[in-house]
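This report refers to the structure that appears directly beneath it.
Both ligands and their constituent atoms are indexed starting at 1 by order of listing.
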Amino acid sequence: MIKLDPDRALSARALELVLATGADALLVGGTQGITAEKVLGLLGRLEAALRRPPVWLEVSSPAAAVPGAPGYLVPFVLNAGDPTWTGRAQAEALGAMLPRLGAILPWERLWPAAYLILNPDSAAARLTAAEAPPPETAVGYAALAGRLLRLPLLYVEYSGRFGDTQLLDRLRRAAGPSCRVWYGGGVDSGARAAAAARAAHAVVVGNAAHEVPDRLSEIAAAVRATPPPP
Ligand SMILES: CC(C)=CCC/C(C)=C/CC/C(C)=C/CC/C(C)=C/CC/C(C)=C/CC/C(C)=C/CC/C(C)=C/COP(=O)(O)OP(=O)(O)O
Ligand SMILES: O=P(O)(O)OC[C@@H](O)CO
């Protein structure tokens, strides 16, 4: 899965390399500088390249809630130090939309995603004041998301650095059989991609798509060659 940031440059060549991977899905999202115009611009480029791009739009601010995406991921940061991001911002955004758009919101395409942010130096961690919990609490968060709250998706977010894949394996097991676990952070080589793909149901590649797009084919091949986790 490749995550493209509407706030970052993406050359035509990089976009070509992204699409050439045949990634299962594209994720459009980011934490900083997101405007509706930038999101619509990137969605438009993807649509011009593929008639029906398999896109998840990560709604990281009300500005990113634009019509037209096949799927919307609404993040809830379980380990946010600032409780704004565990539900209040989402409730305020919905509360503002419902009077005008309540009847036409595409609920069936909106999915809640539990985020566990494990790199305290990432932009998302700074925004939400997330601190990396000790491993046993991280495992507790995974069980909370998957088993107790029965959320369909846990996003283990190390954005900007490669994470602990042994912990990732424990998180996936703790989240249970009905919760998909996506991993993102620092995947910039085939070896890292394979290590992440052994432990998570999906691997999200972000920075590499913008910075070293020539490596994407090696990364995609490594993910495909790795048997999925149980
Ligand atoms: C990434 C990260 C870790 C960030 C940390 C911070 C964090 C937790 C941020 C969350 C911030 C926040 C407040 C998010 C908002 C959440 C929310 C409630 C999103 C709602 C999303 C939504 C309703 C999307 C729908 C899009 C929309 C506005 C549609 C308008 C109505 C319309 C025209 C519907 C028709 O849809 P369309 O897609 O056009 O249908 P067709 O293609 O069939 O025509
Ligand atoms: O940018 P990288 O470090 O690849 O992380 C991917 C993604 O999880 C970021 O939200």
Near [X], which atoms of ligand 2 are under 4.0 Å from a heavy atom of that residue?
{"X": "Gly186", "answer": "2 (P), 3 (O), 4 (O)"}
{"X": "Ser159", "answer": "3 (O), 5 (O), 9 (C)"}
{"X": "Gly160", "answer": "2 (P), 3 (O)"}

Please evaluate residues Glu47 and Arg52 with respect to the criterion salt bridge (Lys or Arg N to Asp or Glu O under 4.0 Å), reporting the C-alpha separation (whole Å), side-chain torsions for both, the decisive distance (0.1 Å), and the verdict. CA-CA 6 Å; Glu47 208 166 303; Arg52 290 162 60 91; over 6 Å; no

Protein contact of atom 4 (O) of ligand 2 - nearest heavy atom, named by residue and atom, plus distance: Gly206 N, 2.9 Å

List below, pair by pair, the N or O atoms of ligand 1 and of the protein that are less than 3.5 Å apart, including the distance to 0.1 Å; reply 'none' if no pair qualifies.
| unit_1 | atom_1 | unit_2 | atom_2 | d |
| --- | --- | --- | --- | --- |
| ligand 1 | 38 (O) | Gly68 | N | 2.7 |
| ligand 1 | 38 (O) | Arg109 | NH1 | 3.1 |
| ligand 1 | 38 (O) | Arg109 | NH2 | 3.4 |
| ligand 1 | 39 (O) | Gly68 | N | 3.3 |
| ligand 1 | 40 (O) | Arg109 | NH2 | 3.0 |

Shortest non-hydrogen separation from [X] to [Y] and the atoms involved:
{"X": "Leu57", "Y": "Ala69", "answer": "CB-CB, 3.8 Å"}
{"X": "Leu216", "Y": "Val18", "answer": "CD1-CG2, 3.7 Å"}
{"X": "Trp182", "Y": "Leu73", "answer": "CZ3-CD1, 3.6 Å"}

Where the closest heavy atom to atom 7 (C) of ligand 2 is concerned, which of Tyr155, Tyr158, Trp182, Tyr183 has it? Tyr155

Among Asn207, Asp5, Ile2, Asp188, which residue places a heavy atom closest to atom 1 (O) of ligand 2? Asn207

Chi angles and distances behind the salt bridge (Lys or Arg N to Asp or Glu O under 4.0 Å) call for Arg13, Glu16: CA-CA 5 Å; Arg13 167 90 181 125; Glu16 225 175 78; 3.7 Å; yes

Has Ala208 got any heavy atom lying under 4.0 angstrom from an atom of ligand 2? no

Judging by distance only, is a nitrogen or oxygen of Arg161 under 3.5 angstrom from one on ligand 2? no

For a quick test of your reading: what N or O donor-acceptor pairs under 3.5 Å do the side chains of residues 33-44 make, sequence neighbours left out?
| unit_1 | atom_1 | unit_2 | atom_2 | d |
| --- | --- | --- | --- | --- |
| Thr35 | OG1 | Lys38 | N | 3.1 |
| Lys38 | NZ | Asp7 | OD1 | 2.7 |
| Lys38 | NZ | Gly33 | O | 2.7 |

Only pairs at least two apart or in different chains count here, so list each salt bridge (charged side-chain N to carboxylate O under 4.0 Å, His left out) that has a residue in residues 72-82. none

Any side-chain heavy-atom pair of Phe162 and Tyr183 under 4.5 Å: yes

Spacing of Leu27 atom CG and Ile2 atom CD1 [to the nearest 0.5 Å]: 10.5 Å

Identify all side-chain donor-acceptor contacts of residues 89-100 below 3.5 Å with residues at least two apart in sequence or on another chain.
| unit_1 | atom_1 | unit_2 | atom_2 | d |
| --- | --- | --- | --- | --- |
| Gln90 | OE1 | Gly87 | N | 3.2 |
| Gln90 | NE2 | Pro75 | O | 2.6 |
| Gln90 | NE2 | Trp85 | O | 3.3 |

